[in-house]
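Whatever order the structure lists ligands and atoms in, that order sets their numbers, starting from 1. All residue numbers in this chain count up from 1 along the given sequence. All values reported here derive from a predicted model rather than from experimental measurement.
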Amino acid sequence: MAEPDVVVIGAGVVGVSAAIAARARGLSVLLVDRDGPAAGASAGNAGAFAFSDILPLASPRILRKAPGWMVDPLGPLTVPPGYALRIAPWMFHFWRACSPARVRRSTVAQAALMDLSRAELDPFLARTGTAPMLRREGNLEVYEGEAQFKASLAGWRAKQEHGIGFEHLDAAGMAAVQPGLAPRFSHGTFTPGWYSIADPKLYTLALADHFRAAGGAIERAEVTALRPVEDGVEVAGPGRTIRTAQVVVAAGAFSHRIARTIGEAVPLETERGYNTTLPADAFDLRTQLTFGGHGFVVTRLSTGIRVGGAVELGGLDRPPNFRRSAAMLTKAQAFLPGLKPGGGVQWMGFRPSLPDSLPVIGRARATPRVIYAFGHGHLGLTQSTGTARLVADLLAGAPPAIDIGAFSAQRFS
Ligand SMILES: Cc1cc2nc3c(=O)[nH]c(=O)nc-3n(C[C@H](O)[C@H](O)[C@H](O)COP(=O)(O)OP(=O)(O)OC[C@H]3O[C@@H](n4cnc5c(N)ncnc54)[C@H](O)[C@@H]3O)c2cc1C
């Protein structure tokens, strides 16, 4: 491709979806990724379109829960001792985002992006030929005892205000949705509007195939710097520079390194997550299960039963600690006594996370020709279709489908 209209950096689910949306507006698009499509977090996530997850993680609720979680080094939330100082500035922004007023603002912005993403999902799947991969099986969040259930109710009320449908269930109601739960789970909440994809890696690869078939180009190349020039941007990497009119930075948890080269400081960190994918017959799973008090989920994929979650604020460079995957699997065995734990494959991925739990979607400070689309944290698959729509609007110079002020890269400065 001589000089593409757009270079999209990063072929995870966000970058590929944005590239497809840009191509659909008639632009010539080159998608570059140092490792090829679906190499990052988009490959191994839990596969949920968690449209009901509108409440930001940064909240007074988490401030209350976090100290208890951090006591267990293999529990739902950890900061490795060697990383505590490095993450302190991010933690400071996180703490500031926990004020009730900021939580309300973030919730409104998150709900708007969720609504857009949900509205875009069916047409996007239909256009890309991936509709058969969608499963509308809902999510069952389970609670151990009355006190834990009651503590969840304020959050459910807030979701109700944003039109999210759910049903609270007793033990018998839960057994009808999902047989085989341990009796310690006395209450649950079923969210029917929560969907899953058959397999997130296969989905992203299918999107990449669709993009190629629609005339898009994909190249394997590392990007080390952006350089705004007259009438365009140079995208530089080892041994090669590509000139283009517009750039989309969708490099997941590595995006801040690219933004830094055009003078933008974005407090992007990674929430490292872990899982184990068991053979498909490991458990007769009927819906996604969320063990919120333990920070993990169990998901039925076409490729197996995936057990995982947790957050490790440990940066991009240290090796994975797969004892975390094993710890969640041990808990899952206790919570689902019929679960067969053998034959699993462990995985760790980098969630790209901003301190206020909102992504960055919008133009760079240095030049309107660079558009950011990263930092979706726990929700990158869920918000990929809405983000793609917004990126395409920006590339085309059209008004974005929703107000994107809350997603600005400059909101922390
Ligand atoms: C355990 C776990 C469970 C999760 N479950 C869910 C879920 O159920 N639902 C949900 O919505 N989200 C979930 N997430 C979050 C979701 O996976 C991420 O938000 C999403 O995958 C981010 O997509 P992305 O395209 O931005 O990044 P990635 O998928 O990480 O893609 C970024 C790409 O950029 C490339 N890249 C990076 N730097 C460069 C460079 N310099 N040059 C060229 N290429 C570069 C990488 O190779 C990579 O392919 C989960 C995450 C984890 C870890």
Would you indicate which of [options] comes nearest to [atom] when only heavy atoms are counted?
atom                    : options                : result
atom 37 (C) of ligand 1 : Ala43, Ala38, Ala251   : Ala251
atom 2 (C) of ligand 1  : Arg351, Gln383, Lys201 : Arg351
atom 22 (C) of ligand 1 : Ala373, Gly273, Pro352 : Pro352

Might you confirm whether atom [atom1] of [X] has over 12 heavy atoms from other residues, nucleotides or ligands at distances under 6.0 Å?
X      : atom1 : value
Arg25  : CZ    : yes
Lys159 : NZ    : yes
Arg323 : CZ    : no
Arg318 : CZ    : yes

Practice task
Pick one of side chain, backbone, both or neither for how Glu271 approaches ligand 1, counting any non-hydrogen atom pair under 4.0 Å.
Solution key: neither
Exercise for the section: Indicate, as side chain, backbone, both or neither, the part of Ala221 found under 4.0 angstrom from ligand 1 when only non-hydrogen atoms are considered. Expected result: backbone
Do the ring centers of [X] and [Y] come within less than 6.0 Å of each other?
X      : Y      : result
His187 : Tyr143 : no
His168 : Phe149 : yes
Phe291 : Phe335 : yes

State whether a side-chain donor-acceptor pair under 3.5 Å links [X] with [Y].
X      : Y      : value
Thr78  : Arg324 : yes
Glu271 : Ser353 : yes
Ser413 : Arg365 : yes
Glu144 : His294 : yes

Considering non-hydrogen atoms of the protein only, which is the closest contact for [atom], and what is the distance?
atom                    : answer
atom 27 (O) of ligand 1 : Gly252 CA, 3.4 Å
atom 9 (N) of ligand 1  : Ala48 O, 2.8 Å
atom 44 (N) of ligand 1 : Arg34 N, 3.2 Å
atom 31 (O) of ligand 1 : Gly12 CA, 3.5 Å
atom 33 (C) of ligand 1 : Asp33 OD2, 3.3 Å
atom 4 (C) of ligand 1  : Asn45 CB, 3.2 Å
atom 30 (O) of ligand 1 : Ala41 N, 3.0 Å
atom 25 (O) of ligand 1 : Val14 N, 3.1 Å

Kindly confirm or rule out an N or O of [X] lying under 3.5 angstrom from an N or O of ligand 1.
X      : result
Trp347 : no
His378 : yes
Gly309 : no
Val223 : yes
Leu381 : yes
Gly377 : yes
Val32  : no
Ala46  : yes
Asn275 : no
Ser42  : yes

Problem - Test log, rule ring-ring contact (aromatic ring centres under 6.0 Å, His included), inputs Phe166 and Trp156 - result: CA-CA 8 Å; Phe166 55 84; Trp156 288 111; 4.8 Å; yes
Problem - Cation-pi geometry met for Arg300 and Phe283 (6.0 Å, 45°) - result: no
Give the atoms of ligand 1, by number and element, whose distance to some non-hydrogen atom of [X] is under 4.0 Å.
X      : answer
Thr382 : 9 (N), 10 (C), 11 (O)
Asp35  : 47 (O)
Val13  : 25 (O)
Gly349 : 53 (C)
Leu379 : 10 (C), 11 (O), 12 (N)
Ala39  : 49 (O)

Problem - Heavy-atom gap Gly308 to ligand 1 smaller than 4.0 Å - result: no
Problem - Ion pair check, Arg136 and Asp122, cut-off under 4.0 Å - result: yes
Handout entry: Residues Arg411, Asp356: salt bridge by 4.0 Å N-O rule
Key = yes
Fill in the blank from the handout: Exactly one candidate in Gln110, His378, Glu120, Arg118 meets side chain to side chain donor-acceptor pair (under 3.5 Å) with Gln383; the answer is Gln110
Handout entry: Validation row: Arg135, Ile197 side chains within 4.5 angstrom (heavy atoms)
Key = no
